[in-house]
Each structure stands twice: as C-alpha cells, then as structure tokens.
Amino acid sequence: MCDMISDQSAEKISRMKKLRRTLSESFSRLALKKEDNGFDEICVQKMSTRNSQAVDSVVKPLDTIPEDRKVRVQRTQSSFDPFDKPTSQVKRVHSENNACINFKSSSGGKESPKLRRHSSPSSPTSPKFGKADSYEKLEKLGEGSYATVYKGKSKVNGKLVALKVIRLQEEEGTPFTAIREASLLKGLKHVNIVLLHDIIHTKETLTLVFEYVHTDLCQYMDKHPGGLHPENVKLFLFQLLRGLSYIHQRYILHRDLKPQNLLISDTGELKLADFGLARAKSVPSHTYSNEVVTLWYRPPDVLLGSTEYSTCLDMWGVGCIFVEMIQGVAAFPGMKDIHDQLERIFLVLGTPTEETWPGVSSLPYLKTDRFTQYSSKKLRQAWNKLDYVAHAEDLASKLLQCSPKKRLSALSALNHEYFSDLPPRLWELSDMSSVFVVPTVKLQAEVDDSSRVFGRSNSHGKGFLNHKH
C-alpha cells in the first residue's frame with residue numbers, strides 16, 4: 001500500500017515538474033516574441049518616471065523600425081533640456097537614454113539567435129522604410145556642428161528627401177538635440193512645419209529623413225535683395241504665424257527662429273524647420289537656458305539674462321524677420337557681442353526703465369551705467385519701408401516690444417489688421433491645408449533691384465542644421 005502511494009506521489013510530482021517546464025518554455029517564447037515590440041515601452045516607463053513632474057510631457061514609443069535594425073530610438077516629448085541641468089545629471093540621464101537607444105544583447109553586441117528567430121517581422125506595407133540603403137544621397141546641402149544635410153532620393157517611392165545625418169560619438173551617445181527634434185516632430189502635423197518621414201539608426205549615425213524643400217527664407221532674400229514684394233511678405237508672415245500658433249497651442253517653443261530655419265517650397269509654402277533647440281514648455285514655468293536663439297533674433301529679455309520665458313520668445317524673432325523681409329536688411333545685426341546687440345535694440349526702441357518695462361532692473365545683465373540712454377523712436381524712422389505698407393509698422397511695433405509680456409501672440413497677430421485684405425477662407429483652413437489651395441492666393445514676381453541692398457550680411461547657416469550659438 002505504501003509503495004502504491006509512493007509511486008502515485010512520484011508520478012504526480014513528475015507530471016507537475018513536466019507541466020512547470022512546459023509553462024516555463026511557453027512563457028519564455030512569449031517573452032522573446034514580445035521583447036522586440038515591448039522594449040520601447042520599457043524605455044518609456046523609465047523616461048516617464050523621470051519626467052512625471054512635467055504635466056505637459058508626453059512620452060510615447062517610436063513607430064517600429066524594421067527587424068534588421070535592432071537599435072531603437074526613443075520617442076519622447078520631454079521638457080528636459082541639457083542646458084538646464086548640472087553636468088553630472090546630464091551624463092546620468094544621457095546614459096539612460098543610450099540604454100534605450102542602443103538595444104543589443106550582452107554577447108559582444110551581437111543579436112541573440114533566439115531573439116532574431118522570435119522577433120516580429122517588419123510591416124509588409126513598408127518593408128524598406130527605416131533602412132539606410134533605402135535612400136540615395138545626391139548632394140551635400142550643408143554642414144553644422146553635429147549634423148550634415150544631404151539632398152537624397154527615396155528608393156521606395158522615388159521622392160526627393162532631405163537626409164539630416166547626425167554623427168554619433170561613442171563617449172557622448174546620441175545628441176539631446178537630435179532626440180528632442182525627432183520627438184517633437186513625430187507629433188507635429190501641420191503644412192507649415194517640415195514633415196519628418198523616417199528615422200534610421202546605425203552604430204555611427206542617426207539619420208532623420210525629412211521632406212525635401214528646395215530653399216529657405218535666407219537664400220530667398222539673398223536672391224531678391226532690397227526687400228521682398230509686400231504681398232509675398234504678407235503670405236510668408238501669415239504662414240509663419242500659422243505654424244507658430246499651432247506649436248504654441250501645444251506648449252512647444254521653437255527657440256531658434258531665423259530666416260535659414262524657415263524653408264520655402266517651390267510653390268511658396270513656408271515651413272518651420274530645425275527643432276533642435278525646441279522644447280515642450282511645462283506648466284508651471286521652468287527655468288530655461290538663456291543660450292538660445294541666434295544673436296540677431298534674440299530678444300532683449302534673454303540677452304539681459306532672463307531664463308524664464310514663454311512663447312513670447314519666438315514672437316520677438318517673428319518681428320525681426322518681418323522687418324527683414326520688408327526692409328531687405330536685418331533689423332538688429334549685432335557685429336560684436338551681446339552688449340552691441342542690446343545697444344542696437346535700445347537705439348530704436350529706447351533704453352528700458354522700470355516705467356517702460358516693470359521688473360527689468362532685476363535682470364542679471366542689466367547695468368544701467370553701461371548702456372547709452374536712448375529714447376524710443378517710430379519704427380519707420382529706422383526702417384522706412386514699414387511706412388509704405390498699410391498697418392505694417394503697427395504690427396511690427398507690437399511684436400518688437402522689449403517687455404516680453406507686451407508682445408503680441410501668434411494667434412492675435414494672425415488677426416491683426418495687417419492681414420485684413422487676405423481672403424477670409426485662409427482662417428478656416430485645416431492644419432494640413434496650404435494657403436495656396438485658395439485660388440486667389442499666389443506669390444507675386446519679385447522685382448530684383450541690387451541698388452536697394454543695404455549691406456545685408458549672410459552670416460546664417462543652413463536649414464535643417466542646428467548650430468551652437
């Protein structure tokens with residue numbers, strides 16, 4: 001009897017062990033099968049914990065990249081800025097980012113055969129997207145401090161593209177600006193914002209594949225010196241404000257508005273580009289870096305050391321670009337340093353005081369004895385062509401306010417009287433509808449007159465490139 005019980009117990013234990021092995025193997029296969037798609041979610045959870053205090057930060061995984069690329073680029077819309085943190089903290093977070101980006105097995109950086117065998121296949125509808133050999137480089141368009149831009153062609157559909165190739169350094173990992181640019185652009189769908197088509201990651205480079213736009217506003221103004229046609233200025237400015245209103249309503253600041261970051265298509269569409277310095281703005285306000293925006297387009301509050309700013313930062317740049325398009329010369333072309341830049345601004349707008357700009361005396365770089373005391377002038381005294389276009393001076397004066405709180409918002413600027421002669425339908429267009437779908441809207445032929453050039457200096461970079469300023 002005891003032997004029978006013992007045999008039954010042994011048999012029962014054996015069956016239990018066999019069941020456990022079977023379940024264990026099943027779960028292992030399931031885990032391996034899901035590991036490829038689930039890895040981004042693990043990265044996201046890590047980033048979400050770190051950014052949980054930023055109420056408008058949205059962290060989402062990137063769209064799946066085909067199987068032969070085991071590296072994953074993390075998709076985030078984070079309010080993190082490397083300039084805003086101590087160096088040690090930047091390095092720590094950077095390491096965490098690289099843990100998500102450089103997904104490799106522990107066996108010498110090679111893929112596990114099991115992982116490869118159980119991984120999900122790439123989408124049959126777009127089998128070649130995400131591969132470096134899916135794009136052909138045609139010519140080099142420009143080079144910046146950490147990226148090179150090429151004109152390219154997609155082998156998948158034959159369309160022209162712009163390839164922003166970001167060089168990766170082993171000790172530094174993927175640049176924050178590249179991660180941030182990809183993160184923000186993946187979530188922005190607007191006709192006046194450059195479209196990000198694809199992301200390709202290799203050991204040496206991260207490539208962002210953009211729609212190809214043949215020129216930028218800087219090159220366009222160089223080609224048509226002396227000031228642009230007033231109607232073209234109006235259409236370019238309207239499109240710029242459309243794009244800015246779209247991102248500002250989503251609490252995103254561009255932070256690097258300048259003519260070479262505004263792309264112009266062959267049909268006249270203007271597109272915001274180079275979001276390398278852009279960031280999602282948290283609520284309540286955080287302290288930001290004041291080392292943003294090219295000097296000529298940097299507002300006086302930031303020049304004076306303010307690190308607390310909002311969408312009004314971009315609106316100063318809009319005012320500068322508006323004047324430059326009309327006048328044919330940069331509004332405030334500082335040639336030396338920040339002090340020289342401020343002197344040029346104060347010469348026109350007046351040296352600020354507590355009466356004209358409440359709180360200015362608390363800014364760290366304001367030393368009243370260092371600046372010449374100027375009184376404010378009419379803008380047409382500095383830029384006479386503003387007087388030739390109805391309501392242009394009034395709009396420019398409401399954008400070029402030294403006090404950031406007095407600057408017009410993008411949405412309010414769109415409703416300014418300056419645009420009153422444009423077709424009403426323009427205000428009813430969907431985000432992905434171009435202004436040129438309205439039949440009466442078209443660019444006018446530019447009249448080039450080299451005698452109108454006022455020593456405009458092309459010290460800009462190239463569109464798509466993020467330079468260190």
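Since the structure is predicted, the reported quantities are computational estimates derived from the model, not experimental observations. The chain is numbered in sequence order, starting from 1.
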**Residue pairs, two or more places apart or on separate chains, that pass ring pair (Phe, Tyr, Trp, His ring centres under 6.0 Å) and touch residues 383-408** =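 Listed by first then second residue: Phe332-Trp383.
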**Prompt:** With sequence neighbours left out, which residue pairs that include part of residues 398-447 fulfil the ring pair (Phe, Tyr, Trp, His ring centres under 6.0 Å) condition?
**Reply:** Phe238-Phe419, Phe238-Trp427, Phe322-Tyr418
**Prompt:** Would you say the ring centroid of Tyr220 lies under 6.0 angstrom from that of Phe236?
**Reply:**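 Between Phe236 and Tyr220, which both carry aromatic rings, the centre distance is below 6.0 Å.
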Contact between [X] and [Y] at the side-chain level, heavy atoms closer than 4.5 Å - yes or no?
X: Met335; Y: Arg344; value: yes
X: Lys189; Y: Leu195; value: yes
X: Val165; Y: Val149; value: no

Find the distance between [atom1] ([X]) and [atom2] ([Y]) and round it off to the nearest 0.5 Å.
X: His190; Y: Ser430; atom1: NE2; atom2: OG; result: 8.5 Å
X: Ser409; Y: Leu399; atom1: OG; atom2: CG; result: 9.5 Å
X: Ile200; Y: Leu206; atom1: CD1; atom2: CG; result: 9.0 Å
X: Ile247; Y: Asn192; atom1: CD1; atom2: CG; result: 11.0 Å
X: Lys258; Y: Ile321; atom1: NZ; atom2: CD1; result: 10.5 Å
X: Ile326; Y: Leu379; atom1: CD1; atom2: CG; result: 10.5 Å

**Prompt:** Please, which pairs that meet salt bridge (Lys or Arg N to Asp or Glu O under 4.0 Å) have at least one residue in residues 417-443, sequence neighbours excluded?
**Reply:** Lys234-Asp421
**Message:** Show me the pairs that pass salt bridge (Lys or Arg N to Asp or Glu O under 4.0 Å) and involve residues 407-416, at least two apart or across chains.
**Reply:**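 As it turns out, the salt bridge (Lys or Arg N to Asp or Glu O under 4.0 Å) pairs with a partner in residues 407-416, which skip direct neighbours, are Asp301-Arg407.
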**Request:** Give me the one residue out of Lys151, Lys271, Lys164 that meets salt bridge (Lys or Arg N to Asp or Glu O under 4.0 Å) with Glu211.
**Result:**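 When Lys151, Lys271, Lys164 are each tested with Glu211, the salt bridge (Lys or Arg N to Asp or Glu O under 4.0 Å) holds only for Lys271.
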**Message:** Could you work out, with side-chain contact (heavy atoms from CB on, under 4.5 Å) as the rule, every residue matching Lys378, not counting sequence neighbours?
**Reply:** Arg380, Gln381, Glu393
**All side-chain contact (heavy atoms from CB on, under 4.5 Å) counterparts of Ser245, not counting sequence neighbours** = Gln249, Ala410, Leu411, Leu414
**Request:** Check for a donor-acceptor pair, side chain of Trp296 on one end and backbone N or O of Gly334 on the other, with a separation under 3.5 Å.
**Result:** yes
**Message:** Let's go through His229 and Val447 carefully: what are the C-alpha distance in whole Å and the side-chain angles of both, what is the deciding distance for side chain to side chain contact (heavy atoms under 4.5 Å, CB included) to 0.1 Å, and is it a yes or a no?
**Reply:** CA-CA 7 Å; His229 191 291; Val447 178; 5.7 Å; no
